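One structure is given below, encoded as structure tokens.
Note that the coordinates shown come from a computational prediction; the quantities given were computed from them, not determined experimentally.
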Amino acid sequence: DEPEIALTHIKLGPLSEDINDDQEDELGESALSKLQGNIHLQNLALTGWNLTFKERHLPLRMLLPQLQELHLKGVTLTLSSIRSLFGSSSSFNNLKRFSVTNSNPKQTVLTLLMEKLGGCRNLEYLDLSGNEIGRESPDQAISALKGFVRESQRLKTFLLHHNKLFETIN
């Protein structure tokens, strides 16, 4: 039996600009897979990652139950990546701080993300700044965000600066 490693925080930046999509897929899957096992990780930050590769979903999903903080900056999110990562609300009950910044998710991705996060009972901090939320449909975005806030029991901080939510209001 291997001892548990007390690594609590890790930040992974972009893999490389000099590799093709297939190589990036292999490297990303390998990097996330190495974090599994006897590591008790509490905080994970991914910057510039493309989460459209399905091979990255399983290793990341395996890490979610232990995470207290997940920060995604400049990541590519799709409906399938949100469904895969946040399939079951019980898989991320420990999550207290979550951010998706500078990622510009489409309205459908944002709506699904808000639905999934609504089941996260311990979430205290949510940062969605810099995503141009409301660019496609401000009314739909506001409705999704309001629904999330209604369901959130412990949310204390909700950051939405640098978005397009209120630009069309006269």
Side-chain angles (χ1 to χ4, degrees), residues 11-22 24-25 27-29 32 43-61 63-64 67-89 91-92 95-170:
K11 181 176 181 179
L12 298 172
L15 297 173
S16 175
E17 293 182 16
D18 299 328
I19 58 175
N20 65 37
D21 284 350
D22 291 336
E24 181 182 352
D25 187 19
L27 287 171
E29 180 183 0
L32 290 172
N43 182 330
L44 178 62
L46 299 177
T47 302
W49 277 55
N50 184 345
L51 291 180
T52 61
F53 296 118
K54 291 181 183 175
E55 291 76 13
R56 293 190 185 166
H57 298 176
L58 181 60
L60 190 52
R61 188 173 60 220
L63 292 170
L64 268 177
L67 293 178
Q68 291 181 9
E69 297 187 28
L70 177 60
H71 303 283
L72 307 173
K73 182 177 180 180
V75 298
T76 305
L77 293 172
T78 62
L79 287 171
S80 65
S81 62
I82 296 297
R83 282 186 193 109
S84 182
L85 293 174
F86 298 101
S88 162
S89 61
S91 67
F92 53 97
L95 200 61
K96 292 182 180 180
R97 298 175 64 87
F98 181 67
S99 64
V100 176
T101 59
N102 304 316
S103 297
N104 298 329
K106 292 187 176 191
Q107 181 59 49
T108 53
V109 173
L110 174 71
T111 300
L112 182 60
L113 180 63
M114 292 297 93
E115 286 175 22
K116 296 293 185 182
L117 288 175
C120 185
R121 288 173 275 186
N122 293 315
L123 195 65
E124 297 174 355
Y125 174 95
L126 179 61
D127 184 357
L128 297 177
S129 56
N131 286 310
E132 296 190 16
I133 294 171
R135 171 185 75 243
E136 294 174 57
S137 170
D139 292 340
Q140 202 174 11
I142 290 170
S143 177
L145 296 171
K146 281 173 42 178
F148 165 75
V149 169
R150 269 194 297 272
E151 290 183 38
S152 299
Q153 298 170 2
R154 296 191 176 171
L155 190 67
K156 295 176 185 169
T157 304
F158 190 8
L159 303 176
L160 287 166
H161 58 281
H162 300 292
N163 282 295
K164 309 269 184 211
L165 287 170
F166 305 108
E167 290 184 1
T168 59
I169 296 176
N170 293 325

Donor-acceptor under 3.5 Å ([X] side chain, [Y] main chain):
| X | Y | result |
| --- | --- | --- |
| Asn163 | Ile133 | yes |
| Ser143 | Asp139 | no |
| Ser152 | Phe148 | yes |

Minimum heavy-atom distance [X]-[Y], with the two atoms named:
| X | Y | value |
| --- | --- | --- |
| Ile82 | Val109 | CG1-CG1, 3.9 Å |
| Arg154 | Asn122 | NH1-OD1, 2.8 Å |
| Ser99 | His71 | OG-ND1, 2.8 Å |
| Asn43 | Glu69 | ND2-OE1, 3.0 Å |

Quick check for you: to the nearest 0.5 Å, what is the distance between [X] atom [atom1] and [Y] atom [atom2]?
| X | Y | atom1 | atom2 | value |
| --- | --- | --- | --- | --- |
| Gln153 | Arg121 | CD | CZ | 7.5 Å |
| Glu136 | Thr108 | CD | OG1 | 7.0 Å |
| Ser129 | His162 | OG | NE2 | 7.0 Å |
| Leu117 | Leu128 | CG | CG | 8.0 Å |
| Leu113 | Phe86 | CG | CZ | 6.0 Å |
| Gln68 | Glu124 | CD | CD | 9.5 Å |

Answer yes or no: is there a side-chain heavy-atom contact under 4.5 Å between Gln107 and Leu110?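 Touching, per the 4.5 Å side-chain cut-off.
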
Side chains of Leu123 and Glu151: closer than 4.5 Å at any heavy-atom pair? no

Apply side chain to side chain donor-acceptor pair (under 3.5 Å) to Glu132 and list each qualifying residue two or more places apart in sequence or on a separate chain.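 Checked Glu132 against side chain to side chain donor-acceptor pair (under 3.5 Å); matches are Arg135.
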
Check side chain to side chain contact (heavy atoms under 4.5 Å, CB included) between Ser103 and all other residues, then give those that pass, not counting sequence neighbours. Val75, Val100, Pro105, Asn131

